[in-house]
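Here's the structure we're looking at; comments come further down.
As the structure lists them, so they are numbered: ligands from 1, and atoms in each ligand from 1.
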Amino acid sequence: MPPTTSTNITFKSRRQQKIWERQRKETEAKKKTSTSYVNQAPFRYAERNFKSRVPPPDFSQVVDFEKMQDHSDIIVPVQLTDDLRRLSSVFGQCEAPCRDAYVLKNVPGLIIIPNAFTPAAQRSLIKQCLSVYPKPPNTSNLDTHYIIPDTGIWPLYEAQEKGTLKPTDPEYHVPKKVVVDGSSSTYSDDEDKEEEKEPPRMAPTACSDDFQPVIKDPKPDPLPAPGVPLLSPSEMVRKMRWITLGYQYHWPTKTYHLDRRYPFPADVADLTKAVVTAVENIGHGDWINQYKGEDFNAEAGVINYYQYRDTLMGHVDRSEMNMEAPLVSLSLGQSCIYLIGGLTRDTVPVPLLLRSGDIVVMTGPCRKAFHGVPLIMENTLPDYLSNNDQYEDAPDWKLFGDFMSTSRINLNIRQVYPRHQSEETVQ
Ligand SMILES: O=C(O)CCC(=O)C(=O)O
Ligand SMILES: [Fe+2]
């Protein structure tokens with residue numbers, strides 16, 4: 001067969017030409033979506049705005065709960081049914097009650113409770129999120145590739161910083177998991193969270209119509225990738241992207257391992273129940289949240305660790321059999337822009353500025369709304385989390401403050417089973 005040509009390129013075969021043309025079309029399509037804002041769903045348009053470095057994002061529509069007067073047309077102040085600090089000690093000791101919350105006129109079901117935790121309570125939660133919760137059996141993104149010691153990584157990082165753990169010590173490098181020869185991973189670690197990647201093709205995703213929260217298919221653990229590097233403890237802690245609490249989550253299929261449930265941290269369960277109790281009967285217009293705090297069980301949680309420039313792409317959390325129960329989400333550390341949209345990406349999302357200590361509660365219709373985090377706002381760490389100061393409640397804060405100087409932590413908690421049902425009664 002004679003070589004075929006396309007423009008000035010010579011091809012050895014027709015097949016090669018076809019491949020080349022397909023690739024060219026794909027590249028052009030990609031270029032189009034990345035350089036022009038035309039034909040983009042409003043949610044994607046907003047994501048691109050906040051991810052842009054040059055030109056800088058347009059922040060003019062951002063809702064800042066410290067400047068309420070600017071948003072009185074879209075935000076309604078409400079009073080929680082009870083003081084959070086009375087309902088749970090995890091919010092911290094403080095004379096002032098915590099009852100101020102806000103709802104958005106155009107996002108039914110969304111409730112924001114700004115500044116819900118005292119500085120000491122935030123320090124305590126951050127310490128737990130970094131040094132206590134990320135221990136086996138709780139799973140993190142690092143587990144796919146590394147054998148995490150029972151202590152977790154944090155004590156190794158502390159020892160490295162103190163100089164008591166040296167690169168030549170055997171514990172310095174957390175061992176890698178062995179790659180089984182000849183097997184290729186169906187999923188890569190990069191695909192296991194809804195970051196700026198296409199979701200894996202083989203499974204329906206939590207945003208697709210054929211998605212089922214319960215599937216009979218096997219849920220194989222992602223396989224370790226060959227070639228992951230051995231890292232120092234300080235590098236390892238900054239590679240932590242997420243951990244899961246309670247029912248463990250299978251990212252590739254976006255369903256829960258209902259047979260893999262680990263103990264849920266009591267303080268997080270306690271504060272979440274308090275939040276769900278405090279938002280009873282809160283809402284606006286057509287939607288008033290009626291879910292009872294007493295019916296809420298914290299059964300699954302995700303802790304997201306964001307470094308500067310990390311983003312979380314727009315998605316819907318609908319892996320829970322119970323989609324009536326509120327989802328409670330806490331922000332700690334650097335501020336972020338949080339986009340809250342509607343049932344599809346075609347609804348124009350509202351950008352919210354979330355600060356350390358803010359709580360977002362997604363109730364009723366908002367449980368099915370698209371949301372995401374397109375921007376971590378640099379240099380927004382509150383002074384009370386700084387690594388330069390001494391704190392009576394946290395004498396060892398320096399290292400935690402170092403970590404938080406470039407990080408945001410989000411903790412979100414869900415109920416998996418319908419109310420009055422549990423693992424035992426459902427099976
Ligand atoms: O980081 C956040 O505030 C949101 C996290 C989130 O939506 C998720 O983990 O599903
Ligand atoms: Fe989410």
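Of the possible donor and acceptor atoms, one in the side chain of N289 sits under 3.5 Å from a partner among the backbone N and O of V279. Of the possible donor and acceptor atoms, none in the side chain of Y146 sits under 3.5 Å from a partner among the backbone N and O of L230.
Using a 4.0 Å cut-off to heavy atoms of N412, the atoms of ligand 1 that qualify are 5 (C), 6 (C), 8 (C), 9 (O). Below 4.0 Å from some heavy atom of D317 lie the following atoms of ligand 1, by number and element: 10 (O). Atoms of ligand 1 found under 4.0 Å from any heavy atom of H371 (numbered from 1 in listed order, with element): 7 (O). Within ligand 1, the atoms closer than 4.0 Å to a non-hydrogen atom of R408 are 1 (O), 2 (C), 3 (O), numbered from 1 in the order shown.
Listed by first and then second residue, the side chain to side chain donor-acceptor pair (under 3.5 Å) pairs that reach into residues 118-129 are Q122-S356, Q122-Y384, R123-D393, K127-D396, Q128-Y133, Q128-D267, sequence neighbours excluded.
With a heavy-atom cut-off of 4.0 Å, V360 does not touch ligand 1 at all. In L354, neither the side chain nor the backbone holds a heavy atom less than 4.0 Å from any atom of ligand 1. Under 4.0 Å from ligand 1, the heavy atoms of Y306 that appear belong solely to its side chain. Contact annotation for R414 and ligand 1: only side-chain heavy atoms (C-beta onward) come within less than 4.0 Å of the ligand.
Checked against a 3.5 angstrom limit, the closest N/O atoms of N304 and ligand 1 fall inside it. Of the N or O atoms in S331, none lie within a sub-3.5 Å distance of an N or O in ligand 1.
Checked against the 6.0 Å centroid criterion, the rings of Y417 and Y247 qualify as a close aromatic pair.
Around the Fe ion (ligand 2), the angle linking H371 (NE2) with H315 (NE2) is 90°, rounded to 10 degrees.
Between F296 and Y291, the ring planes are perpendicular. Angles over 60° get that label, and only those under 30° would be called parallel.
If you look at D317 and ask which of its N, O or S atoms sits nearest the Fe ion (ligand 2), the answer is OD2.
Residue Y256 is tested with E320, K219, E299, R261 for a side chain to side chain donor-acceptor pair (under 3.5 Å); the sole match is E320.
The pair R414-D317 counts as a salt bridge, with a side-chain nitrogen and a carboxylate oxygen less than 4.0 angstrom apart. Electrostatic pairing of D73 and K105 does not count as a salt bridge here, judged by no charged N lying under 4.0 Å from a carboxylate O.
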